[in-house]
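Report on the structure given below.
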Amino acid sequence: MAYVLAWLALLVLTAASFGAAHAPLGSLATAVALAIASIKAAIVLLVFMHLVEASAAVRAVILTAIVFILLLVLGILADVSTR
Amino acid sequence: VSTSEHGPPVAKHVAEHFQDLARQQHAVRLGMWIFLSSETLLFAGLFGLFAGYRTMYTADFLAASHHNSVAIGTANTAILITSSFSVAWALHSVRHGARRVAALSLGVTVALGAAFLGLKLIEYADHVRHGIRPGSYYAFAALPSHGAKLFFTLYYFLTGLHALHVIGGMTFLAVLIRPVVRRRYDEAHHVPLENGALYWHLVDLIWIFLWPLLYLVG
């Protein structure tokens, strides 16, 4: 059952993120935490929210939102870190 | 199901400006995803501020995030993930005609939402007791830096906005329990339940990013 597998995967990834936060990763810690969060988000979107079986129009909408969020955050990061 | 004079049978759930149920559901789904996407952009503004201030006050943000209770934050992560599963199970059950299981799963989801809010309130109460309040009301002696103040102000805005969405989602799902019990939905028609579940998953999605940023790595 896909939902049960997705649930277990999300719990395992949560534990992995918790473990990684207590490992000596240094400056990589944030990148690792956000990478794990992105994998979890992908599981929720694809399995629980049925994006796998969604129409092209629906996929275009959510992909546009994701691109806009990345543009905003990366733009702010580029500004602040190069002052 | 009634039969129109000239065309194919028209389902009872179809509004008159749609030709058939499939087209109506396509429109509703697209509308819901546009709404959810605009919700993510609402949070994106706060995430952008967080990214900017975190870059400017990296050490302060890290110290402040370590003051948050990892135990409560992690418990709430497990609670929301489990509630995402239970609401997915409710939808799955309605699609397979198991309405009792569906109603029970919705009840479990609302209860998990309440548990999340309960833990959040315990956390807020503890913060306020320590003088951790938003903006100019900030008076936490252990972390007096400007960066820590910005972190906790953003913490209140991010978790507060998220908590409002938890309350909204719980209301949405609680209202759906009655029609599920009363057989208002069947295998083909359950769009309100689908949208309620989608909204709840969005609440889970946002928390998936809030947890590492506010509790683990600043």
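Residue numbers start from 1 in every chain, and the chains themselves are labelled A, B, ... in the order their sequence lines are given, proteins ahead of strands.
- Here the closest heavy-atom approach between residue B:Ala88 and residue A:Tyr3 is recorded as O-CE1, 3.9 Å.
- Taken from CD1 in A:Ile39 to CD1 in B:Ile208, the straight-line distance is 11.5 Å, to the nearest 0.5 Å.
- When heavy atoms are compared at a cutoff of 4.5 Å, B:Thr77 approaches chain A solely by way of its side chain, counted from C-beta outward.
- Heavy atoms closer than 4.5 Å to chain B are found in both the backbone and the side chain of A:Ser38.
- Below 30°, between 30° and 60°, or above 60°: for B:Phe85 and A:Phe48 the angle between ring planes is between 30° and 60°, a tilted geometry.
- Contact annotation for A:Ile62: both backbone and side-chain heavy atoms come within less than 4.5 Å of a heavy atom of chain B.
- Within a 6.0 Å sphere centred on OH of B:Tyr53, heavy atoms belonging to other residues, nucleotides or ligands number 12 at most.
- The two residues A:Val61 and B:Ser37 have their closest heavy-atom pair at CG1-OG, 3.2 Å.
- In the displayed structure, B:Phe157 atom CZ is contacted under 6.0 Å by at most 12 heavy atoms of other residues, nucleotides or ligands.
- Within the 4.5 Å cutoff, no side-chain heavy atoms of A:Ile36 are placed close to those of B:Pro212.
- With a 4.5 Å cut-off on non-hydrogen atoms, B:Ala51 touches chain A through its backbone and its side chain both.
- With a 4.5 Å cut-off on side-chain heavy atoms, B:Trp33 and A:Leu51 count as touching.
- Chain A forms the most heavy-atom pairs under 4.5 Å with one residue out of B:Val87, B:Thr74, B:Thr82, and that residue is B:Thr82.
- Per-residue counts of heavy-atom pairs under 4.5 Å with chain A were compared for B:Thr55, B:Leu49, B:Ile206, B:Leu36; the largest is that of B:Thr55.
- Ranked by heavy-atom pairs under 4.5 Å with chain B, the list A:Leu45, A:Leu10, A:Thr30, A:Val73 is led by A:Thr30.
- In this structure, B:Trp211 and A:Phe18 have side chains that are in contact, with non-hydrogen atoms separated by less than 4.5 Å.
- Annotation: maximal heavy-atom pairing with chain B below 4.5 Å, among A:Leu11, A:Val4, A:Thr14, occurs at A:Thr14.
- Contact annotation: the side chain of A:His50 never approaches that of B:Glu194 to less than 4.5 Å [non-hydrogen atoms, C-beta and beyond].
- At least one side-chain heavy atom of B:His26 sits less than 4.5 Å from a side-chain heavy atom of A:Ser55.
- For the pair A:Ala33 and B:Val217, the tightest heavy-atom approach, listed with the atom from each and the gap, is CB-CG2, 3.9 Å.
- Per-residue heavy-atom pair counts under 4.5 Å with chain B were compared for A:Arg83, A:Lys40, A:His22, A:Met49, and the maximum is reached by A:Met49.
- With rounding to the nearest 0.5 angstrom, the OG atom of B:Ser86 is 9.0 Å from the CH2 atom of A:Trp7.
- Contacts with chain A were tallied for B:Ile81, B:Val70, B:Leu216; B:Ile81 has the most, counting heavy-atom pairs under 4.5 Å.
- The two residues A:Ile69 and B:Ala44 come nearest to each other via the heavy atoms CG1-CB, 3.7 Å.
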